[in-house]
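First up is the structure itself, then whatever we jot down about it.
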2 protein chains.
Amino acid sequence: MKRPTIADIAQRAGVSKGAVSYALNGQPGVSEATRKRIVAIAQEIGFNPNSAARALSGATAKAVGLTLCRPARILSIEPFFMGLISGFEAELAARSYALTLQVVATPENEVEVYRRWWGERRVDGVFVSDLRDDDVRIPVLQTLRLPAVVIGGPGDTGSITQVWSDDAGAVAEAVRYLVALGHRRIARVGGLPDLLHTQSRTRAFTDVCMALGLETAVTVPSDYTGEEGGRATRRLLIGAERPTAIIYDNDVMAVAGLAVAQEMGIRVPADLSIVAWDDSPLCSLVHPSLTALSRDISEYGAQAARQLLAAVDGEQVTSVEAGTAHLTPRGSTAPPRTR
Amino acid sequence: MKRPTIADIAQRAGVSKGAVSYALNGQPGVSEATRKRIVAIAQEIGFNPNSAARALSGATAKAVGLTLCRPARILSIEPFFMGLISGFEAELAARSYALTLQVVATPENEVEVYRRWWGERRVDGVFVSDLRDDDVRIPVLQTLRLPAVVIGGPGDTGSITQVWSDDAGAVAEAVRYLVALGHRRIARVGGLPDLLHTQSRTRAFTDVCMALGLETAVTVPSDYTGEEGGRATRRLLIGAERPTAIIYDNDVMAVAGLAVAQEMGIRVPADLSIVAWDDSPLCSLVHPSLTALSRDISEYGAQAARQLLAAVDGEQVTSVEAGTAHLTPRGSTAPPRTR
DNA sequence: CTGTAACACTTAACCGATCAAGTCATGGCG
DNA sequence: CGCCATGACTTGATCGGTTAAGTGTTACAG
C-alpha cells in the first residue's frame, strides 16, 4: 500500500505542495475554503505526514527518549518504571509525541545512547532517572544542548530542570508515625547507595531519628531486588538489637522482608512493623497488607513529561516539586509489643 | 552544538558527499585508503547519520513499535511486559534499532497508532501482543503491509508470523503434577477471557482435567489484577466444593490468592496448593514461595525481536514456538490433606 | 485611472542522507 | 596506438516535507 504524501493531496486538490503544507499546519496563506477542501482530502485518503521528512526540514522529531539503566530482572518487577512510563504517555500521546525506550547496562552506555540519539536527531529530549553523584550524563546533555528533565533529585544538575519529590519529608512522616506508635528501634533497608535520592533519604532518615532522640538509625544498603531486600532483613533481624520496625526503600524489598520475617516466625505487625516506599498493588496484595508511603507515580511521570515538552518547546522551565509521598497505614504497622 | 553531517566530513576529507556515503556504508566506489581516512574523520567528529534523512531516502526508520493495551495499574505490576521489553532490547540494541512504545486504551486505538506510525514512517515493524478473537489489528496490518510479529497465539493471523509458547502443554504439566500429588478438585483463575491465549489455556485445562477423570474443571475468569484474582479466589474458597488446588494465569493473581487464603485461615500448602503462571521474582518473594510455570520471558521477547527484524529485512519468516513453560515446584504445592 | 496593499496562491531552495549515472585517469590488450 | 574495461571518484536527482521569496489577482484609496 502506497503511503499518501502531500504531493498526492496537492494533485487531487489542484494546488501546489506548499499550499497543502500551509493548509494542514494552520498557517496563513490559503483561503478558508481551500483549507477545508485540503483537510477533507487528507482525511479521506488517510494522510499522515512522514515524520522523517518533517524532522529533516528542521522541525522536531516528535519523539522523546528514556533510557533505563537497571538489570532486566529488577526492571521486570519494579512497578515504579511502568507507572512512570504510563504517566509519560498520558502527556506525550496528547501531543502525539512518541516515547523511545532503551535498556542499557551502564551509565556510560546511557551517555552513548544520548549521543547517538542526538546525532541521529531521533529524539527532541530525554528523561533522566536514577541520578548519581557527579552524574556523567549531566555535562554531556549540557554540551549537546539536548533538552532533558531529571526525575528525582534534588541534586546538582546545573541548567537541567528536575522533577523531584520531597523524600526527606516522607521519610520524616514515616519515622514520626512509627515513633508515635511507640517504636524506638527503627531500621531502614535502602536502595542503591550510589543513587542520589537514596543518599538524601538516608540523610533525612538519620537526621529525623536523631532529632527524635532514637538510639539508633541503621540503614542497610541494598539494590531494590527482593533477594537483597530479604537478605538485608535477615541480617537486621538476627542482630542483637533487633529493630521493631523497618522502612524499605521500595515495595519489592518490603514484600521480601515480610516473607523473611514470617519464615523466621517473627509476626508482623506484632513483633515487627513494616513500611514500604512506593505503594503499588503489591502492597495490598500480601498478607498482612503493607503500610506504604504512597505517591501518584503516574502523575509524577506526567509532570516530568510536561516539563520536558516545555523544555523542547524552548520555554524557560524551572524545577518543580511533585507531590510528596504520604503514609497509607495498613496492616503491617502496629505498636511494638512491650516486654 | 552543531550536529556534524556527511557534508562536514566530505569537506574535511576533500571528497564529495557521495564518496563519504559509500565509505561509511561499506559500499564499493572508494579506495581503501580514502575509506579509512573518512571513517577516521567520522569517528573524530562524532558523526551519527541523521536518522530522518536516512529514513527519507527510502531506507528504514531503524525503529520498531510496541503498543500496550492494558490499564496502567495492571501494567505497573505485571512483570511480563518489562521482561518482554528487555528481551526485545537485547536483539534490537545489537542492530541499533530503537523501540517506540505507546500505551493505549483500546484495541481500536492500537489500530490508529499503527496507521499513524505507518503513515509517518516512524517504525519498520510492530510487535502485537494480547491477541483476541477476530482481532481487528490483523487485517489492518495486512493491508498496510506493516511487518509484524504476534506474540502469543497460536491463532488465526493469516500471513503474520507468530511467536507462541505451548500453553496447552504447560497447563497439562501443572494439572498432571497436582493430580500426581493426589489432588482431585483443581480450579483455575484465568486471565482476560477475550484474549486468545486465555481461551486456549481454558480449553487445555478442561481437556486435561476430563482426560484425567477429574470431577470438575472450573475456570473463573479474571483480569490479571491482584484485586480480581483475590476476589475470584475468595469465591472459589467459600464454595461448597472447595478446590484443593488453584492454578492462576499470572503471578500477581497467585500472590493475591495466597493472601486471601491466609486471611481466611486456609493454610498453604496444607489445605490449598497454588500454582502461578509466569515465574517472576514475586513468586519466590512471598511465603510460602509459589510453585510456578516458569519460562524465560526475556528469551521469548528476544525471539520475537529476531523474527520481527527478519520480517523487516524482507526475509520469509515462519511462526516459531518459543520454549514451553515448565513447572518449578516450590513451597506452595503439596499433597492435599486426607480427611 | 493608477498605485499599492492584501490575499491566495506557486516556485524553488533546503534539510541530510542515498544511489544511479556520468566523468576522468589509468592500465591492459590486440 | 587505439580501444575498452576498471577503479575512484563526482554530479545531481531523489525522498517528503517546510518556508522564504516570487507572482498574479482583486479591492480600494487617492
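Residue numbering restarts at 1 for every chain, and letters A, B, ... go by the order of the sequence lines. What's counted below: heavy atoms across the whole structure, side chains too, no hydrogens, waters or symmetry copies.
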So T5(A), base contact, sugar-phosphate only, or nothing? Heavy-atom distance under 4.0 Å. sugar-phosphate
Counting N and O atoms only, with roles assigned by atom type, does the side chain of S319(A) sit under 3.5 Å from a partner on the main chain of Q162(A), one being a donor and the other an acceptor? yes
Contact class for V20(A) vs. all strands (heavy atom < 4.0 Å): base, sugar-phosphate, or nothing? nothing
Protein-nucleotide distance (R37(A), atom CZ; dC9(C), atom C1'), rounded to Å: 12 Å
Do the side chains of E44(B) and R12(B) get close enough for a salt bridge, i.e. N-O under 4.0 angstrom? yes
Residue whose nearest DNA chain D nucleotide is more 5′ - G14(B) or P49(A): G14(B)
Quick one: which of D135(B), T67(B), V140(B) gives a side-chain contact (heavy atoms from CB on, under 4.5 Å) with V111(B)? V140(B)
Below 4.0 angstrom from OP1 or OP2 of dT19(D), is there any side-chain N or O of Q27(A)? yes
For R3(A) and dG16(D), give me the distance from atom CZ to atom P, rounded to whole Å. 9 Å
Does atom CD (Q11(B)) have a neighbourhood of more than 12 heavy atoms from anything else shown, all under 6.0 Å? no
Rounding to an integer number of Å, can you tell me how far Q11(A) CD sits from dC9(C) C1'? 18 Å
Take atom CZ of R35(B) and atom C1' of dG7(D), then tell me their distance rounded to the nearest Å. 13 Å
Examine dT18(D): is either OP1 or OP2 under 4.0 Å from a nitrogen or oxygen in the side chain of R54(A)? Give yes or no. yes
In whole angstrom, give the distance that lies between atom CG of L24(A) and atom C1' of dT18(D). 12 Å
S57(A) side chain, from C-beta outward: closest of dG16(D), dT18(C), dC9(D): dG16(D)
What is the distance, to the nearest angstrom, from the NZ atom on K36(B) to the C1' atom on dC9(D)? 18 Å
Would you say that more than 12 heavy atoms from the other residues, nucleotides or ligands in this model lie under 6.0 Å from the CD of Q316(B), or not? no
For Q307(A) against V320(A), the heavy-atom pair lying closest together: NE2-CG1, 3.4 Å
Using a cut-off of 4.0 Å on non-hydrogen atoms, how would the nucleic acid contact of S16(A) be classed: base, sugar-phosphate, or nothing? base
Quick one: label T34(B) by what it contacts on the DNA or RNA (base, sugar-phosphate, nothing), any heavy atom closer than 4.0 Å. sugar-phosphate
I'd like to know if K17(A) reaches the base of dG17(D) with its side chain such that a donor and an acceptor end up less than 3.5 angstrom apart. yes
Counting only distance, no hydrogens or angles, is the base of dA17(C) paired donor-acceptor with the side chain of Y22(B) under 3.5 Å? no
Tell me whether the OP1 or OP2 atom of dC9(C) has a side-chain N or O from S31(A) closer than 4.0 Å. yes
Closest nucleotide among dT10(C), dA17(C), dG17(D) to the F47(A) side chain: dG17(D)
Are OP1 or OP2 of dT18(C) and a side-chain N or O of N25(B) less than 4.0 angstrom apart? yes
Starting at atom CD1 of I38(B), determine the distance to atom C1' of dT18(C), rounded to an integer number of angstrom. 15 Å
Taking the side chain of V30(B) as its heavy atoms from C-beta onward, which of dC9(D), dG17(D), dT19(D) lies nearest to it? dC9(D)
To the side chain of L56(B), which of dG16(D), dC9(C), dT18(D) is closest? dG16(D)
